[in-house]
Amino acid sequence: MGKKRTGSSGVSSNGCSMSADDDAFLDAAFKEAGAERRQAEELSNEGDECTSLGKWDIAVSQYTKAIKLDPNNGVHYCKRSFAHTAAGRLAAAIEDAKKGASLGNDNNQIAATCYAQLGFVYSKDGKLKEALEAFEKGLKLDIVNPGCRHGYDETQVALERENGGELAPPVKCADDLEAQKLMTLPSPEEVLGKGFEVVLLRIGTYEKPLRFLLSTTLSEEVVITPNTCGMLGLKIERTIELEDVSFDGGMHIGTLSDCTVSGFVQAQIADKALRTVIHGMLGLPFLERYDIDLDRVRSEQRIKEAGAAAKAASSGISRIGAIHSPGIALPGIIIGIPMFAKSSSKMVPLVGIIDTGSMFSVVNWAAAKQLGLAKGPKDSKLERATKVAGATKTGVVEMPLVNIQLNICHATGDIACKAAGLSKEEFDAKGTGNGWHLDFKNAGLQTCVDFGRVNAAIGDSIQFDLLRDSAVGDFTGPAALIGQDVLSQAPRLTLSVKDRQLWLDAPGRIIHTTAM
């Protein structure tokens, strides 16, 4: 920006000497500064892509170039701070975070995010009071900033533990039927996805509470393993009745009839990989009776009366997730929400089915094709892909893994259901339609919650059969099962199967999983 000024000089109305070409010179200077800022933005975006792939040193290099071109933009410093943190260079990360927070940004939301990064780095360095102060400054700028909100809550909990050891047991809120310590099973690094959430139930006179996994895609009310039947002294039959059932805290449930007795994959995974016992699963008919609030920051889970979450959202009687995602009207009582799936080259709208019973997410082949990931199971692109076993209608198959991002959307318009064309003769011959899909053309989708990239499987998983309509036929559009790898990124998640809605807090920090 060191352009030489030329032209005749004169005197302005305030007596200052001016050049006739001053306006032209300033215009050129502004244009040059704007071009440098745009170039810095491009370099910063390249750094973001390297960060998402875990290439920390290259990311630092790109952010450094961006800083040279746009040195007064605190965002570039904060991004470089994040990359330094991920690479284990805390001293450099703190220095950059301080600079970024001091420069800030004209946009309060972005300035708050700079303070969120400063708080995060202080927290990583064990400086909890300084971290809390940084998060508080960010919240003054943007009260709903997810990074500051999540960081503030986490740091408060860390300080409580530092001062008094273990957290106090959960205390019931006014609308809680039951409050328990959050039971999330750990997931070893060699296992794909994240661990399951379970609740503790007491059955009859058995002296110990039993672990039941929450499954939002299980059509049966309750499934119990044969081993658990034996443990309870019950005869192993196809279905059984469980009497005098209550939550661990004492909330009475009553009798659970027609409980299916069967082994299931999640119990086998828990036994072999997670080294724990799952005694059964609670499915959609059971969950339709209750709203579930999972607070991962304070390690608490709350059971509420069905419909209580919606009342809490409007009245503020208790805290639930801050961001509301209304469900799409789908067959059955599954929770389906609008989402964007992003590959390295494309972004596709689809329906996301909330599946708390799956450790990892799955996209169907319709979604994979639209994302440009593969044309089908035999596509040569997938020959070297890591594969996992998955259940489909035709049996267990190998499903290739792909690294994608799944983000929750808010629809400002209408999401339409479209049935495939079919003549009366064809319908009479088949007895069902040619299938259906969702049309997002006029939905006006806007991303409202970003999640980190995950290694999702591709396949027509058996859970997608829940979208089948008895009259119209199979679902033929793009869809994804949203498993624990995505759901566990939300610091707080509130589910209402009865209302087919969810509320959640956005992740405070977006952590991308490296492609396998």
Side-chain angles (χ1 to χ4, degrees), residues 176-178 180 183 196-204 209-226 228-229 232 234 237-248 251-267 278-294 301-310 326-337 351-358 391 393 461-470 475 481-484 487 493-502:
D176 290 339
L177 299 175
E178 174 89 0
Q180 298 182 356
M183 299 282 292
F196 309 113
E197 256 102 32
V198 299
V199 297
L200 297 179
L201 299 184
R202 289 190 176 271
I203 300 174
L210 305 182
R211 297 185 192 91
F212 282 76
L213 181 149
L214 302 174
S215 176
T216 51
T217 57
L218 179 67
S219 55
E220 292 95 338
E221 182 168 27
V222 180
V223 174
I224 190 168
T225 67
T228 304
C229 274
L232 294 171
L234 300 172
E237 297 180 306
R238 182 172 294 179
T239 62
I240 62 167
E241 191 172 84
L242 295 175
E243 297 179 340
D244 192 21
V245 180
S246 63
F247 289 107
D248 187 40
M251 169 65 194
H252 191 63
I253 297 170
T255 298
L256 297 175
S257 302
D258 297 322
C259 302
T260 302
V261 179
S262 174
F264 48 91
V265 173
Q266 293 93 330
I278 292 180
H279 300 97
M281 280 196 295
L282 303 175
L284 288 165
F286 181 91
L287 295 174
E288 195 175 16
R289 305 186 199 179
Y290 306 100
D291 289 352
I292 310 293
D293 179 49
L294 307 172
Q301 58 191 19
R302 300 176 180 278
I303 317 296
K304 303 174 184 290
E305 186 177 86
I328 302 170
L330 298 172
I333 51 175
I334 55 176
I335 302 176
I337 57 175
V351 57
I353 301 171
I354 302 302
D355 189 2
T356 58
S358 177
K393 287 191 294 184
S461 182
I462 196 168
Q463 289 96 322
F464 290 124
D465 204 39
L466 292 168
L467 291 169
R468 177 179 172 77
D469 184 276
S470 57
F475 184 78
L481 295 177
I482 310 304
Q484 288 292 99
L487 298 175
L493 178 67
T494 311
L495 297 167
S496 178
V497 170
K498 175 182 177 289
D499 293 333
R500 293 199 252 185
Q501 300 183 69
L502 64 83

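Just so you know, these numbers come straight off a predicted model, no measurement behind them.
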Check the pair R289, E221 against side chain to side chain contact (heavy atoms under 4.5 Å, CB included), reporting the backbone distance first and the verdict last.
CA-CA 11 Å; R289 305 186 199 179; E221 182 168 27; 2.5 Å; yes
side-chain hydrogen bond (donor to acceptor under 3.5 Å, both in side chains) evaluation trace for E178 with Q301
CA-CA 8 Å; E178 174 89 0; Q301 58 191 19; over 6 Å; no
Any chance you could lay out the side chain to side chain contact (heavy atoms under 4.5 Å, CB included) test for L466 and T217, step after step, and finish with the verdict?
CA-CA 8 Å; L466 292 168; T217 57; 3.8 Å; yes
L218 vs F264, test: side chain to side chain contact (heavy atoms under 4.5 Å, CB included). Steps then yes/no.
CA-CA 11 Å; L218 179 67; F264 48 91; over 6 Å; no
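Residues satisfying the side chain to side chain contact (heavy atoms under 4.5 Å, CB included) criterion with L200, sequence neighbours excluded, are Q180, M183, P209, R211, D248. Scanning for side-chain hydrogen bond (donor to acceptor under 3.5 Å, both in side chains) contacts around S461 gives Q463, with sequence neighbours left out. The side chain to side chain contact (heavy atoms under 4.5 Å, CB included) test applied to I333 returns L284, E288, V497, not counting sequence neighbours.
Formation of a donor-acceptor pair under 3.5 Å by the T356 side chain with backbone atoms of T216 is found in this model. Of the possible polar contacts, none joining the S215 side chain to the M281 backbone as a donor-acceptor pair under 3.5 Å is found. Judged by distance alone, with hydrogens and angles left aside, the side-chain atoms of T260 form no donor-acceptor pair with the main-chain N or O of V223 at under 3.5 Å. Within the 3.5 Å criterion, the main-chain N or O of A309 finds no donor-acceptor partner in the side chain of S496.
Within the 4.5 Å cutoff, no side-chain heavy atoms of F475 are placed close to those of L330. Within the 4.5 Å cutoff, no side-chain heavy atoms of L232 are placed close to those of I240. With a 4.5 Å cut-off on side-chain heavy atoms, I328 and I337 do not count as touching. You'll find the side chain of I354 stays beyond 4.5 Å of the side chain of I334, heavy atoms only. Contact check for T228 versus L234: no side-chain heavy atoms found under the 4.5 Å cut-off. Contact of the L467 side chain with the I353 side chain is registered, since non-hydrogen atoms from C-beta on lie closer than 4.5 Å.
Taking all atoms of both residues into account, the shortest heavy-atom contact from D291 to G307 is OD2-N, 3.0 Å. The two residues C229 and I224 come nearest to each other via the heavy atoms SG-CG2, 4.1 Å. Of all heavy-atom pairs spanning F196 and I278, the tightest one is CD1-CD1, 4.0 Å. Of all the heavy atoms in L213 and V198, the pair that sits closest is CA-CG1, 3.8 Å. In this structure, G336 and V351 approach most closely via the heavy-atom pair CA-CG2, 4.3 Å. The two residues L282 and L287 make their nearest non-hydrogen contact at O-CD1, 3.9 Å.
Separation of atoms CG (L294) and CG (L214) is listed at 7.0 Å; rounding is to 0.5 Å. We find the NE2-CD1 distance between H279 and I203 to be 9.0 Å, quoted to the nearest 0.5 Å. Rounding to the nearest 0.5 Å gives a distance of 7.5 Å between CG of L201 and CG of L256. Here the CD atom belonging to E197 is positioned 9.0 Å from the CG atom belonging to L495, to the nearest 0.5 angstrom. In this structure, the separation between OG on S257 and CD on E241 is 4.0 Å, given to the nearest 0.5 Å. The OG atom of S262 sits 11.0 Å away from atom CZ of R238, with the distance rounded to the nearest 0.5 Å.
Ring centroids of F247 and F212 are separated by 6.0 Å or more, keeping the two rings apart.
Of the candidates D176, T494, D293, R302 forms a side-chain hydrogen bond (donor to acceptor under 3.5 Å, both in side chains) with just one, namely D176.
Salt-bridge annotation for E305 and K498: absent, with no side-chain N of the basic residue lying under 4.0 Å from a carboxylate O of the acidic one.
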